[in-house]
**Q** 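Please see the structure below; I have some questions.
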Amino acid sequence: MKSLVALVVALAIAYVPTERDYDGYIGDAGTSLDVAATERELESSTRGNSASHSAREFLRSAPCVGGGLVGAGDTCATGLSPDVACPDGMTPSFPLWMREQLADGSWSDWTLVSWYTCPSEGDLLALIEREWTQLRPEPSSVAVQPDGGWVYATVPTIAYAEDAPRLHGAVLLGADVTIRATPTRYTWRWGDGETLTTEDPGRPYPDATVSHAYGPTITVATIALDTTWSGHYRIGDGTWEPFDTTITSTSAGPTLDVLHPRTHLVGAAS
C-alpha cells in the first residue's frame, strides 16, 4: 500500500484549495486505500477576543469502485481508471477530496473537491528545466600528443577532446522527455596557470588546431578541461526546443612530465 505522507499546515481565512497545493497520490488499481494519511491545513479566524480553529484534511486518491466517495471505515477498494486524456502522455492527477472536523471533534464525510485533472504545460516545462539544470553529462575525454606521459618544454603539445552530444531520457509527469546536451565551448586549463577557451574541440596531428607550449620552468603539469554544454529537449516525438541556459562539466586530463632537453657540443669524430 502506498500512502500520501506530505503534511501541510497553513494559517488562512476562508481558505480555498488550489490544484498545485497537493501532490498526486500514486496508487495501484484494485488496492485498498488508507485515508488516514492526508494533507491537513488549519484555518483560523478571530472573533472579538477569542480565536476559533477548524481543521480540514485533503487527500488525493483514486475514487472508490463505483465512483463514490471514500468509504466508511477509512478504507475502500479503488479500481476506476482516469477518464481524462492528457496531452503529451502526461499522467492525470488523482481527484482531490476534503473533510472537515466538526464541533464535537468528529469528522465529516469525504467530499469531492475536483475530479481527475491534467498537469499544466507550465508544470511539465518547469520539471524539464529542473532536469536540465541538474544534469551531469559524462565529461568529454581528453587526449594529447605525444601520448607517452611526457612532453618537451617550448614544443607545442597537441590536445583534443571528444565532441559527441549526450542524450538523457526521463519520464516527467508521465510524459517521455529526451534531453540532448551538445558541447559548444571548451576551456583548457594547462596546469601551468595558463588557460585557452575555444569553440573547437581540437584535432590530432597532422590537423592539430589546439596546442600549448610549456615554459622552461615547468616540470610537471596536469591538464583539465571545462566543457560548456547547450541543450535541447523534446516531449515524445515532438520537435526539439532549446534551453535558455547552459551547463558545465569538468574532465580530468593527463598528468605530463615536462622535459627540458639540453644541447652541448661534442668533439668531432676523428
Side-chain angles (χ1 to χ4, degrees), residues 1-8 17-31 33 37 39 58-63 78-97 113-142 161-187 199-201 225-252:
M1 180 187 301
K2 303 178 182 178
S3 61
L4 186 64
V5 296
L7 179 66
V8 177
T18 58
E19 290 303 313
R20 63 177 175 273
D21 290 333
Y22 309 100
D23 294 331
Y25 167 87
I26 306 301
D28 299 318
T31 62
L33 174 68
E39 295 180 346
F58 296 88
L59 174 69
R60 274 205 185 278
S61 81
T78 61
L80 289 183
S81 299
D83 54 2
V84 175
C86 296
D88 298 319
M90 288 190 288
T91 302
S93 299
F94 280 154
L96 179 64
W97 310 82
V113 177
S114 63
W115 193 240
Y116 286 100
T117 55
C118 292
S120 70
E121 182 181 13
D123 292 336
L124 178 58
L125 294 181
L127 286 180
I128 294 174
E129 180 70 28
R130 182 175 181 272
E131 191 81 6
W132 165 246
T133 57
Q134 295 186 347
L135 189 65
R136 298 293 180 266
E138 178 187 352
S140 304
S141 61
V142 178
E162 177 192 7
D163 61 353
R166 306 286 193 261
L167 292 179
H168 170 73
V171 178
L172 304 175
L173 296 178
D176 290 322
V177 176
T178 304
I179 294 176
R180 182 180 64 200
T182 304
T184 54
R185 189 166 66 251
Y186 305 85
T187 298
E199 296 180 356
D200 178 7
L225 174 65
D226 296 331
T227 303
T228 300
W229 306 78
S230 63
H232 292 75
Y233 70 90
R234 70 178 179 182
I235 303 169
D237 295 326
T239 59
W240 290 101
E241 301 291 344
F243 289 106
D244 294 330
T245 57
T246 59
I247 56 177
T248 302
S249 67
T250 299
S251 308

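Count residues from 1 along the sequence. Since we're looking at a predicted model, the values are computed, not measured.
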**Q** Under the rule for side chain to side chain contact (heavy atoms under 4.5 Å, CB included), what residues qualify as partners of Ser120, not counting sequence neighbours?
**A** Asp123
**Q** Within a reach of under 6.0 Å around CZ of Arg185, are more than 12 heavy atoms found that belong to other residues, nucleotides or ligands?
**A**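 Not buried by this count: 12 neighbours or fewer within 6.0 Å.
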**Q** So which atom in Leu125 and which in Tyr233 form the shortest heavy-atom distance, rounded to 0.1 Å?
**A** CD2-OH, 3.5 Å
**Q** Nearest heavy-atom pair of Ser140 and Thr227: which atoms, and what distance?
**A**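 The answer is OG-OG1, 3.3 Å.
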**Q** Not counting sequence neighbours, which residues clear side chain to side chain contact (heavy atoms under 4.5 Å, CB included) with Ala164? List them please.
**A** Glu162, Arg166
**Q** If the condition is side-chain hydrogen bond (donor to acceptor under 3.5 Å, both in side chains), which residues does Thr245 pass it with, not counting sequence neighbours?
**A**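 Checked Thr245 against side-chain hydrogen bond (donor to acceptor under 3.5 Å, both in side chains); matches are Glu129, Trp132.
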**Q** Taking only residues two or more places apart in sequence, or in another chain, which ones meet His168 in a side-chain hydrogen bond (donor to acceptor under 3.5 Å, both in side chains)?
**A** Glu131
**Q** Enter the distance from Arg234:CZ to Arg180:CZ here, rounded to the nearest 0.5 Å.
**A** 8.0 Å
**Q** Suppose we screen for side chain to side chain contact (heavy atoms under 4.5 Å, CB included). Which residues come up paired with Asp163, at least two apart in sequence or across chains?
**A**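 Applying side chain to side chain contact (heavy atoms under 4.5 Å, CB included) to Asp163 gives Pro183, Tyr186, Pro201.
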**Q** Does any non-hydrogen side-chain atom of Ile128 lie less than 4.5 Å from one of Ile235?
**A**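 Answer yes - side chains close enough.
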**Q** By side chain to side chain contact (heavy atoms under 4.5 Å, CB included), which residues pair with Cys118, not counting sequence neighbours?
**A** Val84, Cys86, Pro87
**Q** Step by step, would you call Val171 with Val177 a side-chain contact (heavy atoms from CB on, under 4.5 Å)?
**A** CA-CA 6 Å; Val171 178; Val177 176; over 6 Å; no
**Q** Does atom CD (Glu121) have a neighbourhood of more than 12 heavy atoms from anything else shown, all under 6.0 Å?
**A** no
**Q** In Å and rounded to the nearest 0.5 Å, what is the CD to CZ distance from Glu138 to Arg136?
**A** 15.0 Å
**Q** Provide the closest heavy-atom pair for Asp226 versus Thr250 in the form atom of the first, atom of the second, distance.
**A**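 That closest heavy-atom pairing would be OD1-OG1, 2.8 Å.
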